[in-house]
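All remarks here apply to the structure that follows.
Please read these numbers as outputs of a predicted model, since none were measured by experiment. Letters A, B, ... are given to chains in the order of the sequence lines, protein chains preceding strands, and every chain is numbered from 1.
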Amino acid sequence: MNLILLFLSAAIVNNFVLTRFLGICPFIGVSRKLESAVSMGIAVTFVLTLSSAVSYMVYTFFLVPLNMQYLHIIAFIVIIAALVQVVEMFLKKSSPTLYSAMGVYLPLITTNCAIIGAVLINMNEGFNFIESVVHAAGAGLGFLLAIVIFAGLRERIERSDVPQAFRGFPIALVAAGLMSIAFLGFSGLI
Amino acid sequence: MSYITRYLKRGIISENPIFVQAIALCPALAVSGTVFNGLGMGLATAFVLLLTNVLISALRGFIPQKARIPCFVVIIAGAVTAVNMLIEAFIPVLHANLGIFLPLIAVNCIVLARGESFAFKNGLVRSAFDALGMGLGFTIAMVMLSAIREILGFGTLFRDTALVITLPEAFPQTILFILPPGAFITLGVLMAALRYVAAKRKLKNEEVPQS
């Protein structure tokens with residue numbers, strides 16, 4: 001039951017994009033088209049879950065016994081960069097169609113703060129292995145949900161008559177703000 | 001020495017990281033609730049940027065072209081670790097307020113982008129001034145954004161510091177501006193306002209030579 005609550009809390013109540021402000025760059029940058037938003041969301045969810053699992057193991061079984069917790073930032077970044085590289089190579093070999101859909105977004109994920117943000121939250125909250133993975137999966141799906149809804153909104157904004165000064169980023173930010181108000185409604189849920 | 005003013009002007013106005021390039025929005029939105037947090041985040045990022053730009057520029061003869069991105073990432077993460085520990089030791093309140101956004105400077109797009117596009121190709125002094133310009137641009141944007149949010153949301157300015165100014169009771173406090181939606185909306189409107197002013201000025205400058 002606790003795990004379900006943790007999952008829902010990461011996905012909806014504390015939505016990574018709209019309440020925690022993690023992963024704003026891809027959220028604004030790759031949400032012009034619905035298809036690319038879906039690919040980006042899936043890629044982020046996948047890498048997020050995988051890197052949370054690996055980071056947990058490296059932190060617990062290497063950094064803590066060696067008393068080198070202060071190196072966690074460097075360790076996590078190197079883990080995420082390496083994982084993204086491995087996933088990219090694996091996809092290229094095993095599934096060229098998936099690679100062409102997701103491939104261009106993978107390198108961008110290395111500097112996506114949602115990934116390392118989730119890993120740092122797992123560490124700060126002292127989650128165990130299962131909790132870390134569930135939290136990361138929830139966070140990733142929350143990101144997917146937010147970016148897909150937002151891409152739908154932006155496709156309609158593109159076709160409307162926006163004042164010159166608001167075109168592009170400003171109107172996207174205001175739209176994200178309105179979406180964030182809607183997500184505030186979930187805050188009493190858990 | 002004219003490049004100094006040129007770099008500073010570029011970082012603060014014509015290529016401002018937040019208002020013009022719209023990068024590094026995560027920290028800009030997340031820790032701009034009060035001027036104290038906004039200024040702290042701005043200065044911490046500016047300091048990391050100065051450190052990494054100088055280091056990358058100094059080491060550019062040793063970093064192999066093909067493995068440059070991993071090298072940059074390790075240099076940046078090292079600098080962020082140092083700054084994180086310094087702030088934890090000397091300004092624990094700021095460390096607690098900024099939370100995970102302090103270690104997240106390591107994945108801040110501005111820092112990596114300046115290393116890749118500027119410091120790796122230019123000399124040490126030039127890279128330092130480029131970092132100063134971009135860092136100041138980021139800090140100024142953070143202070144503007146957080147001042148607006150703090151005044152509208154809390155009805156104060158510089159709270160959590162000794163200089164705190166409280167506005168009269170009659171001033172309405174709109175809690176929305178402190179909540180996450182307020183961050184998005186304030187930044188969007190501020191960005192549009194600055195664009196409007198820039199477009200007006202450009203129009204004026206173009207008209208002058210003709211007349």
Contact leader toward chain B among [options], where contacts are heavy-atom pairs under 4.5 Å:
options: A/Ala165, A/Ala182, A/Gly168; result: A/Ala165
options: A/Asn124, A/Ile77, A/Ile115; result: A/Ile77
options: A/Ile74, A/Thr19, A/Leu22; result: A/Ile74

Between [X] and [Y], what is the shortest heavy-atom contact and its length?
X: B/Arg195; Y: A/Arg167; value: NH1-O, 2.6 Å
X: A/Leu18; Y: B/Pro180; value: O-CB, 3.4 Å
X: A/Tyr70; Y: B/Thr81; value: O-CG2, 3.3 Å
X: B/Cys26; Y: A/Phe21; value: CB-O, 3.3 Å

Practice problem: Carefully, step by step, assess B/Phe184 and A/Ile24 under the rule side chain to side chain contact (heavy atoms under 4.5 Å, CB included). | Solution: CA-CA 10 Å; B/Phe184 283 110; A/Ile24 302 284; 3.9 Å; yes

Quiz prompt | Atom pair CG (B/Asn84) and CD1 (A/Ile73), whose distance is rounded to the nearest 0.5 Å | solution =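 B/Asn84 CG to A/Ile73 CD1: 4.5 Å, rounded to 0.5 Å.
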
Quiz prompt | Atom pair CG (B/Leu29) and CD1 (A/Ile28), whose distance is rounded to the nearest 0.5 Å | solution =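 The CG atom of B/Leu29 sits 8.0 Å away from the CD1 atom of A/Ile28.
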
Report which part of [X] has an atom under 4.5 Å of a heavy atom belonging to chain A: side chain, backbone, both, or neither.
X: B/Ala106; answer: both
X: B/Leu179; answer: side chain
X: B/Ile69; answer: neither
X: B/Ile100; answer: both

For chain A, the option from [options] that forms the most heavy-atom pairs under 4.5 Å:
options: B/Asn108, B/Leu112, B/Val74, B/Val189; answer: B/Val189
options: B/Leu104, B/Leu187, B/Val80, B/Leu176; answer: B/Leu104
options: B/Ala77, B/Ala198, B/Ala28; answer: B/Ala77
options: B/Leu194, B/Val31, B/Ile76, B/Val107; answer: B/Val107

Minimum side-chain heavy-atom gap [X]-[Y] below 4.5 Å:
X: A/Leu120; Y: B/Phe101; answer: no
X: B/Val20; Y: A/Phe169; answer: no
X: A/Leu173; Y: B/Ile185; answer: no
X: B/Pro181; Y: A/Leu184; answer: yes

Exercise. With a 4.5 angstrom heavy-atom cut-off, could you sort out which part of A/Ala176 is near chain B: side chain, backbone, both or neither?
Key: both

Practice problem: Take A/Phe166 and B/Tyr196, measure what ring-ring contact (aromatic ring centres under 6.0 Å, His included) needs, and give me the verdict at the end. | Solution: CA-CA 9 Å; A/Phe166 270 99; B/Tyr196 181 77; 9.8 Å; no

Quiz item: Do other residues, nucleotides or ligands put more than 12 heavy atoms under 6.0 Å from B/Phe118 CZ?
Solution: yes

